[in-house]
Amino acid sequence: MTAPNAEIIAVIGAGKVGRALARRAAVAGFRVVLEDLIPTSLECARQEIRRTLNDAVDSGLLDQAEAAEAFARIDCATSIEDAARRAHIVMETGPDEPESKLEMFCLLDRICLPNTVIVSNCHTLDLSDTASKAESIVGMYFSGDRAQIHCSTFTSERALAVAVCLAERMASSYSITRDGDSPAKA
C-alpha cells in the first residue's frame, strides 16, 4: 500500500492523544474514523476538535474552509471493529503498558484488513513480535509539530514507508529509529 491508497485512518481512543491525532490527520486530508467505547467521550472529542480547528482559524493557521473540510472528514465509531475494519491505517492510542499493547495488537490482528498498517503510540515496540502482523506495526508519536517513528526488528519497509508518508503530511519534520539504531532525522 502506498500513501495515496492509505486514505482512511482509524484512531482508536478519543482521549487527549486520540483527539490530537484525529485532528492532525483530518487537517492533512485523511478520512478519519475516531473510535471510543463511550459515546460521551466521542462527543467531547468532536467538540474539542472543532474548538481547536476554530482556534487555528483565529490564529491564521487555517482558513475557515480548510477547518470545515477537516472537521467533515472525521466520523465516529463506538467499536474498534467498526473503526478498524474499514481503515488502511489504524493508529492506536492506548496506554504504553505491555499488557494493553499486547491485547490491542492481538485484537487488531483479527479484525484489520490484510494490508493495514498499525501505528502504535509508543516509544518501544518490544511486544510487536508477539503479534502475527508484527511486520505491519510501527511506533509513532508526536511532540509539537515533530514526529518520531520507531521500527522494531520486525517492521517491514512497507509499514515504514506508510509511517513516513504520514509524518510528511502530519508534521513539519520527523526522525526514524529502529531497535538498536541511533535516530535518523528528516
Donor-acceptor contact below 3.5 Å, side chain R146 vs main chain F142 = no

Does the side chain of V90 come within less than 4.5 Å of C112's, by heavy atoms?
-> yes

Would you say the side-chain atoms of N121 pair up with the backbone N or O of T93, donor to acceptor, closer than 3.5 Å?
-> no

Do V57 and D63 come within less than 4.5 Å of each other through their side chains, counting heavy atoms only?
-> no

For residues V32 and D75, determine if any side-chain heavy atom of one lies less than 4.5 Å from a side-chain heavy atom of the other.
-> no

Smallest heavy-atom separation, V33 atom then A77 atom, equals CG1-CB, 3.8 Å

For residues V27 and L62, determine if any side-chain heavy atom of one lies less than 4.5 Å from a side-chain heavy atom of the other.
-> yes

Test E48 against R19 for salt bridge (Lys or Arg N to Asp or Glu O under 4.0 Å), laying out the working first.
-> CA-CA 8 Å; E48 183 178 321; R19 294 170 189 192; 2.7 Å; yes

Check against side chain to side chain contact (heavy atoms under 4.5 Å, CB included), T155 and H150 = CA-CA 9 Å; T155 303; H150 181 76; over 6 Å; no

Spacing of L21 atom CG and R24 atom CZ [to the nearest 0.5 Å] | 7.5 Å

Is the shortest heavy-atom distance from the side chain of Q148 to the side chain of S143 under 4.5 Å?
-> no

Donor-acceptor contact present, side-chain D145 to main-chain S172, <3.5 Å = yes

Nearest heavy atoms of A14 and S41, plus distance in Å | CB-O, 4.1 Å

Between CD on residue E168 and OG on residue S173, distance to nearest 0.5 Å = 11.0 Å

Minimum heavy-atom separation for L53 to A67, with atom names?
-> CD1-O, 3.7 Å

4.5 Å side-chain heavy-atom contact, I8 and I89 = no

Are R169 and F30 in a cation-pi contact, defined as NZ or CZ under 6.0 Å from the six-membered ring centre and within 45° of the axis?
-> yes

Can you check side chain to side chain contact (heavy atoms under 4.5 Å, CB included) on Y141 and S120, steps first, answer last?
-> CA-CA 8 Å; Y141 58 94; S120 181; over 6 Å; no

The reported gap from CE in M91 to CD in E35 (rounded to nearest 0.5 angstrom) is 14.5 Å

Check: S156 side chain, E135 main-chain N or O, donor-acceptor pair, under 3.5 Å = yes

What's the spacing between I118 CD1 and I137 CD1 if we round to 0.5 Å?
-> 5.0 Å

Determine whether more than 12 heavy atoms belonging to other residues, nucleotides or ligands lie under 6.0 Å from atom CD of E103.
-> no

Exceeds 12 heavy-atom contacts within 6.0 angstrom, atom CZ of R86 | yes

At what distance, to the nearest 0.5 angstrom, does CG of D82 lie from CZ of R85?
-> 4.5 Å

With no hydrogens and no angle check, is any side-chain donor or acceptor of R73 less than 3.5 Å from a backbone partner on A26?
-> yes

Closest non-hydrogen contact found for R46 with I74 is NH1-O, 3.1 Å

Does I9 reach the side chain of V119, with side-chain heavy atoms less than 4.5 Å apart?
-> no

Please step through side chain to side chain contact (heavy atoms under 4.5 Å, CB included) for the pair R31 and E7, ending with a clear verdict.
-> CA-CA 6 Å; R31 190 118 196 96; E7 295 299 318; 5.6 Å; no

Considering non-hydrogen atoms only, spot the tightest contact between A28 and M170 and give its length.
-> CB-CG, 3.9 Å

Pairwise distance CD1(I176) to CG(L160) - rounded to 0.5 angstrom = 5.0 Å

Taking every non-hydrogen atom, the tightest pair across A83 and I12 = CB-CD1, 4.1 Å

Say whether, by atom type as modelled, one donor and one acceptor occur between the side chain of S152 and the main chain of V138 under 3.5 angstrom.
-> no

Charged N-O contact under 4.0 Å between E157 and R178 | yes

Taking the side chain as C-beta and beyond, is there a heavy-atom pair between N115 and R158 under 4.5 Å?
-> yes

